[in-house]
Amino acid sequence: MQKQFKLKNIVINIIDTVKKQDFLVYFRKITITEINEKEIVFWVVSSFMKDNLEAKFYNDIFNAAKLEVRDLEKISFVVDQNIDNPSNTDVVDCAKFLNEIAKTKKSKKTGENDEDSHHQEITSTKSVNDRYNLSNFIVWSDNQLAYSACEAVCRNPGKSYNPLYIYGDVWLGKTHLLQWAWNEIIKKFKDKKIVYTTADKFITEYVSAVKKRSIERLRQKYREVDVLIIDDVQFLAKKEQTQNELYNIFNILYESSKQIIISWDRAPKELENLEPRLRSRFEWWITVDIGRPDFETRLAILQEKARNNEFMIPQDVAEFVAANVTENVRELEWVLNQMIAEYELSWNTPTLPRIAEKLKKLSFTTDILGSVKVPQKTTIKSYEDIIRKVGEHFGIEFEWIVGQNRKKEFMIPRQVSMYLLKTKMHYTYERIGNIFSGRNHAAVLYSCNKLEWLLKKDQGLLHDVNVIRDSMWI
Ligand code: ADP
Ligand code: MG
């Protein structure tokens with residue numbers, strides 16, 4: 001009872017600080033599983049929720065909880081689908097709860113401005129740049145590091161994660177992150193000189209400077225920059241002179257500890273058509289990759305984007321789209337927009353046969369109606385390959401990695417292996433536990449979380465994981 005009471009108070013505090021829309025999307029259902037004077041553990045419904053709550057709302061939740069638990073030092077989140085079980089009464093269902101609160105508020109103070117109209121006003125004055133902000137950026141396991149790295153850079157440009165190299169296939173959110181970082185740094189560091197450009201624009205700028213013989217001025221401009229963000233660097237391929245110019249700029253900025261962030265559609269070692277010395281430079285940059293969202297994440301992305309548009313997709317339709325539109329976020333957005341447009345014209349809610357027809361028209365190959373594709377193919381043959389690769393990298397035998405010995409030299413390779421099986425192979429925690437000497441679900445979950453946490457702190461380890469990953473998936 002006490003727990004339930006505290007939970008409700010905490011949730012009310014949260015509602016006071018986060019946007020209503022975010023509250024509905026990200027909190028959805030929440031409960032407390034453990035509470036003492038120093039720590040609260042929350043249960044949430046999926047790892048998607050957990051990642052987002054940790055990444056975006058940790059401070060809001062912590063502060064809200066601290067108002068109720070004075071000596072609080074730590075909060076954490078654990079995924080448990082049991083929270084969806086209707087017999088579980090200790091759960092706050094956010095939508096219902098918000099309604100309850102609205103009702104009591106209304107009956108208390110009729111006549112006053114209610115909060116909804118206030119919110120409306122705020123959202124309608126959004127600036128154009130808000131298209132790329134963090135509250136609409138969805139975090140999943142394979143973009144989390146890129147997200148955290150950008151966040152760290154925004155907090156302290158030039159200090160950590162420098163120079164930062166973000167790579168990933170098209171339409172997976174590189175520009176979204178870079179533009180957000182750009183806006184954020186401008187807002188926070190008003191006295192810094194920040195340049196965001198694309199490699200394409202840089203080439204044009206360079207060519208025109210050469211023509212006008214004003215190359216010195218261009219050099220001067222870039223030398224004075226505090227933060228240089230260059231998107232889509234792949235356009236530099238075969239442009240040797242521009243590459244050289246950029247090489248010199250990078251060197252100057254790096255030597256004076258200025259922040260550099262670039263995005264590329266491939267990993268440093270794959271950069272053909274690039275000056276060897278520039279390529280070898282990139283190899284020691286801090287690299288983070290963005291990978292494709294898996295089925296569960298695609299489903300969540302669709303539902304969240306639909307909700308942001310105040311559009312309802314039936315569950316079976318959402319699952320069908322998530323199963324068949326697998327490549328990237330932009331295509332998910334595109335299909336969703338088509339559904340919304342159709343709905344606005346005809347007021348027909350999407351049904352499975354209609355959406356199957358639509359996807360066919362948009363030239364997606366779909367499986368038989370309603371069936372769900374097996375999530376994500378990878379080129380890796382088996383989990384054994386992964387564990388052996390990790391073992392080779394750290395110089396440790398397979399058996400030690402999957403075994404029980406808790407010495408530190410075995411723990412890291414073990415956690416790295418589990419993490420790769422989870423994020424790259426999409427194994428369940430149970431299956432991983434089974435491979436690693438029959439550990440239980442919670443132990444594997446703990447190890448994966450621990451590693452994720454370490455990766456954010458330890459750039460050396462991040463480098464190790466990148467090397468292993470690149471040696472297998474490219
Ligand atoms: P890239 O630069 O990698 O090609 P973009 O940043 O242009 O990809 O992303 C393509 C579209 O998908 C954009 O509309 C972007 O807002 C959206 N998008 C990508 N990643 C995410 C994400 N994690 N959360 C929400 N929207 C995303
Ligand atoms: Mg882009």
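Residues take their numbers from the sequence shown, with the count starting at 1. For ligands, and for the atoms within them, numbers begin at 1 and follow the listed sequence.
- Taking the charged nitrogens against the carboxylate oxygens, D226 and K258 do have a contact shorter than 4.0 Å, which makes a salt bridge.
- Between F235 and W264, the ring center distance fails the sub-6.0 Å criterion.
- A salt bridge does not link K174 with D231: none of the charged nitrogens is closer than 4.0 Å to a carboxylate oxygen.
- The pair D289-R469 meets the salt-bridge criterion, since a charged nitrogen lies less than 4.0 angstrom from a carboxylate oxygen.
- For Y254 and W284, the gap between ring centers is short of 6.0 Å.
- In terms of the side chain to side chain donor-acceptor pair (under 3.5 Å) criterion, E151 has no residue partners (sequence neighbours excluded).
- When ring centroids are compared, F57 and F27 come within the 6.0 Å threshold.
- For ligand 1, the 4.0 Å heavy-atom shell contains residues R131, Y132, N136, F137, I138, W140, N143, D169, V170, W171, L172, G173, K174, T175, H176, K305, V329, R330, E333.
- Applying the side-chain contact (heavy atoms from CB on, under 4.5 Å) rule to E205 yields the partners F202, L218, K221, Y222; only residues at least two apart in sequence or on another chain are considered.
- Atoms of the protein (N, O or S only) found under 2.8 Å from the Mg ion (ligand 2) are T175 OG1.
- Between K187 and E184, at least one side-chain nitrogen of the basic residue sits less than 4.0 Å from a carboxylate oxygen of the acidic one, meeting the salt-bridge criterion.
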